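Report on the following structure.
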Amino acid sequence: MKKNLMAIVAGAAVMFVLGGLMYEVLLAGFYEANLGSATGVAREVPIWWALIVGELGFAALVTYVFRHIGIASASAGLKTGAIFGLLFGLSLAFNLYGVTNWSTITVAFVEPLVTAVRVALAGAAIGWVLGKGGSTESPRTQD
């Protein structure tokens with residue numbers, strides 16, 4: 001349980017920092033240039049606690065999946081996180097594009113790549129924590 005919580009916190013911290021860096025610094029101009037017709041959807045000041053809860057929830061999902069498939073190293077977490085992030089980002093971006101006006105189709109193609117990078121690096125942290133000091137067995141085989 002302690003290892004799971006540590007993995008969740010580590011993953012959430014990586015996703016939170018990378019999210020700020022990627023969305024607010026590196027790609028802010030890109031996202032601003034690719035807004036859809038919806039206006040007023042971005043908050044001037046983020047609700048930080050909500051972002052933290054969101055990242056913790058996403059890290060918990062990744063940790064849960066990793067535990068059940070036996071990911072217990074940074075390298076395995078990086079690879080699996082990249083695939084998980086790409087597929088998750090693809091699903092989310094295209095579903096949002098299909099039902100909202102908040103961005104252009106360009107964002108729907110770029111967002112999965114951004115998500116893949118964030119989840120790959122968070123996955124490396126999660127995999128590293130899960131592999132520290134003990135069994136690398138899936139929880140299904142530990143009971």
Side-chain angles (χ1 to χ4, degrees), residues 1-36 38 41-143:
M1 180 66 153
K2 181 180 174 185
K3 193 182 282 193
N4 286 341
L5 290 175
M6 289 173 42
I8 291 166
V9 170
V14 170
M15 283 194 271
F16 184 82
V17 170
L18 284 176
L21 179 64
M22 295 176 86
Y23 293 117
E24 296 297 323
V25 178
L26 299 175
L27 297 170
F30 166 78
Y31 282 97
E32 190 173 311
N34 285 284
L35 291 174
V41 294
R43 294 183 184 275
E44 287 187 35
V45 178
I47 300 173
W48 296 108
W49 68 263
L51 290 173
I52 292 167
V53 169
E55 298 295 21
L56 286 167
F58 196 19
L61 173 63
V62 174
T63 301
Y64 177 81
V65 169
F66 280 17
R67 291 280 296 169
H68 282 276
I69 62 174
I71 299 294
S73 72
S75 62
L78 181 77
K79 292 175 204 169
T80 305
I83 294 166
F84 186 93
L86 181 68
L87 295 174
F88 183 84
L90 188 69
S91 173
L92 185 60
F94 277 90
N95 276 303
L96 285 173
Y97 178 73
V99 298
T100 70
N101 291 314
W102 75 271
S103 69
T104 64
I105 186 75
T106 305
V107 171
F109 283 104
V110 171
E111 182 60 26
L113 301 174
V114 173
T115 303
V117 170
R118 289 180 65 226
V119 181
L121 294 173
I126 291 167
W128 180 76
V129 171
L130 292 177
K132 281 182 56 164
S135 173
T136 59
E137 293 179 36
S138 167
R140 288 175 283 176
T141 60
Q142 292 178 353
D143 294 332

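Only this structure's heavy atoms are used, side chains among them; waters, hydrogens and symmetry mates stay out. Fair warning: this is a prediction, and the values are worked out from it, not measured in the lab.
Between Ala7 and Val129, the shortest heavy-atom distance links the atoms N-CG1, 3.5 Å. Nearest heavy-atom pair, Ala82 versus Ala116, reported as atom, atom and distance to 0.1 Å: O-CB, 3.6 Å. Thr80 approaches Ile69 most closely through the heavy-atom pair CG2-CD1, 3.9 Å. Across all non-hydrogen atoms, the minimal contact from Met15 to Phe58 is SD-CD2, 3.4 Å.
Atoms OH and CD, from Tyr31 and Glu24 in turn, are 11.0 Å apart once rounded to the nearest 0.5 Å. Note that CH2 of Trp102 and CG of Leu96 are 6.5 Å apart. Values are rounded to the nearest 0.5 Å. Between Leu92 atom CG and Leu87 atom CG the span is 12.5 Å, to the nearest 0.5 Å. Interatomic distance, CD of Glu55 versus CD1 of Ile8, reported as 13.0 Å (0.5 Å rounding). In this structure, Ile126 CD1 and Arg67 CZ are separated by 12.0 Å, a value rounded to the nearest 0.5 Å.
In this structure Leu90 satisfies the side chain to side chain contact (heavy atoms under 4.5 Å, CB included) test together with Phe94, Pro112, sequence neighbours excluded.
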Original post:
Given Tyr23 and Val114, is the side chain to side chain contact (heavy atoms under 4.5 Å, CB included) satisfied, shown in steps?
Top reply: CA-CA 9 Å; Tyr23 293 117; Val114 173; 3.5 Å; yes
Subject >> Derivation of the side chain to side chain contact (heavy atoms under 4.5 Å, CB included) call for Val41 and Asn101 >> reply: CA-CA 10 Å; Val41 294; Asn101 291 314; over 6 Å; no
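The environment of CZ in Phe109 is sparse: at most 12 heavy-atom neighbours from other residues, nucleotides or ligands sit within 6.0 Å.
Under the 4.5 Å side-chain criterion, counting only non-hydrogen atoms from C-beta, Phe88 is not in contact with Val119. Two residues are said to be in side-chain contact when any heavy atoms from C-beta on lie closer than 4.5 Å; Asn34 and Ser103 fail this criterion. Annotation: side chain of Val107 is not in contact with side chain of Tyr97 (no heavy-atom distance under 4.5 Å). With contacts defined as side-chain heavy-atom distances shorter than 4.5 Å, the pair Leu56/Phe16 does not qualify.
The pair Arg118-Glu111 does not meet the salt-bridge criterion, since no charged nitrogen lies less than 4.0 angstrom from a carboxylate oxygen.
The only option from Thr115, Leu61, Ile71 that meets the side chain to side chain contact (heavy atoms under 4.5 Å, CB included) definition with Phe84 turns out to be Leu61.
At least one donor-acceptor pair under 3.5 Å links the side chain of Thr63 to the backbone N or O of Ala59. Formation of a donor-acceptor pair under 3.5 Å by the Lys3 side chain with backbone atoms of Lys132 is found in this model.
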